[in-house]
Amino acid sequence: MARLLTREPDLDAVFVANDLMAAGALRALQDAGRSVPGDVAVIGFDDHPALAAAMNPPLTTVHQDPAAQVQHMVTILMALLAGEAVRPRRHVLPVSLRLRGSA
């Protein structure tokens with residue numbers, strides 16, 4: 001985040017790959033004297049249950065259902081263990097936006 005601010009000092013929003021990285025972005029923004037969401041809006045991804053709502057400000061994030069992810073992975077794993085040919089394919093799981101204080 002610090003390097004990004006150096007390259008793009010006027011940036012006003014950032015979408016971060018996951019909530020843990022968003023926590024680091026919030027800290028770097030605070031260290032740079034930038035307010036969230038006043039100067040820079042921050043959005044994370046994964047809606048970490050112990051982290052997103054506890055951040056200061058609470059993190060706006062994209063929620064994904066971990067149970068659905070696990071269920072999909074287990075289905076593939078069971079097919080592989082049964083000796084079935086599993087062809088790589090794209091499977092998009094539903095997501096939703098959790099609006100909180102960072103954006």
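One is the number of the first residue; the rest follow in order along the sequence.
The OG1 atom of Thr60 sits 5.5 Å away from the CG atom of Leu99 when rounded to the nearest 0.5 Å. For the atom pair OG1 of Thr75 and NE2 of His91, the computed distance is 9.0 Å after rounding to the nearest 0.5 Å.
For the pair Ser102 (side chain) and Leu59 (backbone), a donor-acceptor distance under 3.5 Å is absent. Distance alone, capped at 3.5 Å, is enough to place a donor-acceptor pair between the Asn18 side chain and the Met21 backbone. No donor-acceptor pair closer than 3.5 Å links the side chain of Asp12 to the backbone N or O of Val40.
The environment of Gln71 atom CD is sparse: at most 12 non-hydrogen atoms of other residues, nucleotides or ligands sit within 6.0 angstrom. Residue Met73 qualifies as enclosed at atom CE: its count of foreign heavy atoms under 6.0 Å is above 12.
The side-chain heavy atoms of Val16 and Val42, taken from C-beta on, include a pair separated by under 4.5 Å. The shortest distance between side-chain heavy atoms of Met1 and Val14 falls below 4.5 Å. Put simply, the side chain of Val62 does not reach to within 4.5 Å of the side chain of Arg98, judged on heavy atoms. Contact of the Arg27 side chain with the Leu29 side chain is not registered, since no non-hydrogen atoms from C-beta on lie closer than 4.5 Å.
Residues Val95 and Gln64 share a closest heavy-atom pair of CG1-CB, 4.1 Å. Taking each heavy atom of Ile43 and Ala103 in turn, the nearest pair found is CG1-CB, 3.8 Å. Summarising the geometry of Pro58 relative to Ala53, their closest heavy-atom pair is CB-O, 3.7 Å, with the distance given to 0.1 Å. Between Ala79 and Val86, the shortest heavy-atom contact is CB-CG2, 3.7 Å.
Using cut-offs of 30° and 60° for the angle between ring planes, the Phe45 and Phe15 rings count as perpendicular.
No continuous path of hydrophobic side-chain contacts links Met78 to Leu80 [ILVMFWY only; heavy atoms under 4.5 Å].
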Stepwise side chain to side chain contact (heavy atoms under 4.5 Å, CB included) check, Leu51 with Met55: CA-CA 6 Å; Leu51 189 61; Met55 289 187 203; 3.4 Å; yes

Take Leu93 and Gln69 through the test side chain to side chain contact (heavy atoms under 4.5 Å, CB included) and record every step on the way to the result. CA-CA 7 Å; Leu93 297 172; Gln69 290 177 315; 3.4 Å; yes

For the pair Leu5 and Arg3, evaluate side chain to side chain contact (heavy atoms under 4.5 Å, CB included) and give the outcome as yes or no after the intermediate values. CA-CA 5 Å; Leu5 283 173; Arg3 284 187 288 196; over 6 Å; no

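Counted by atom type alone, Asp47 and His63 present one or more donor-acceptor pairs between their side chains at under 3.5 Å.
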